[in-house]
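Read the structure below first, then the notes.
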Amino acid sequence: MPEKSDKNYRERVYRIVRSIPPGRVMTYGQLAEILGDGYTPRTVGFVMHGSDDKTPWHRVLNAQGGCSTRGIVLPHDKQQRMLEAEGVCFNDRGRCDLRTYLWIPGEKTRNRAPSRKTTLFTN
DNA sequence: GACTTGACTAGAC
DNA sequence: AGTCTAGCCAAGT
């Protein structure tokens, strides 16, 4: 149980993000839900903004399976490229299939399903 | 201490 | 399928 220290929750976020294996991705909402203490995707995003090089921030995507870097200093292509290097396939719209690549902590690693026509989860 | 901004999301139109 | 709105929390001003 964290004591709700100032920067404790941030480390918690980093820790979770670091636990994401290569070739897998997580969403801000998912992270917020894991944190649970009333944290929201916004907060997670803000934390990720100050992530270190040790944190695989590129494995964190938005709920739509795309990069929400909002064109700050990070070229969205960069993140996509890094993920592609790890085996994540993106469609023409720059979105990956979360149903296939979404990582859920605690779940067993399952083989990556073959690209099923790049159908989006929320059709 | 109030106001604004931000690497978000879900729901409504 | 795309656009708009409201809710949410933390940090900076």
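Naming convention: chains lettered A, B, ... in sequence-line order (proteins, then strands); numbering from 1 in each chain.
Around the CZ atom of Arg18(A), the shell of radius 6.0 Å holds more than 12 heavy atoms that belong to other residues, nucleotides or ligands. The number of heavy atoms from other shown groups lying within 6.0 Å of CD (Glu33(A)) does not exceed 12.
Distance check, rounded to the nearest 0.5 Å: CG of Leu98(A) to CZ of Arg24(A) gives 11.0 Å. The distance from atom NZ of Lys54(A) to atom CZ of Arg15(A), rounded to the nearest 0.5 Å, is 11.0 Å.
Here the P atom of nucleotide dA10(C) and the OH atom of Tyr9(A) are 6 Å apart, to the nearest Å. In this structure, Phe46(A) atom CZ and dA10(C) atom P are separated by 11 Å, rounded to whole Å. For the pair Arg12(A) CZ and dA10(C) P, the interatomic distance rounds to 12 Å; values are reported in whole Å. Atom OH of Tyr39(A) and atom P of dG6(B) are 23 Å apart (whole Å).
Side-chain N/O atoms of Arg93(A) include none lying less than 4.0 angstrom from OP1 or OP2 on dA1(C).
Here the side chain of Asp52(A) pairs no donor or acceptor atom with the backbone of Thr55(A) at under 3.5 angstrom. Between the side chain of Tyr9(A) and the main chain of Val47(A), no donor-acceptor pair closer than 3.5 Å is present.
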For DNA chain B, what is the dot-bracket line, given that a base pair needs Watson-Crick (N1 to N3, plus N6-O4 or O6-N4) or G-U wobble (N1-O2 and O6-N3) geometry with both distances under 3.5 Å, and | means paired with another strand?
.|||||.||||||
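Clustering ILVMFWY residues whenever any of their side-chain heavy atoms sit less than 4.5 angstrom apart, transitively, puts Ile16(A) in the very cluster that holds Val60(A).
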Which pairs, protein N/O on one side and nucleotides 9-11 of chain B N/O on the other, fall under 3.5 Å?
unit_1 : atom_1 : unit_2   : atom_2 : d
dT9(B) : OP1    : Ala63(A) : N      : 2.5
dT9(B) : OP2    : Ala63(A) : N      : 3.0

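Using a 3.5 Å distance cut-off with no hydrogens or angles, the side chains of Glu86(A) and His58(A) do pair a donor with an acceptor.
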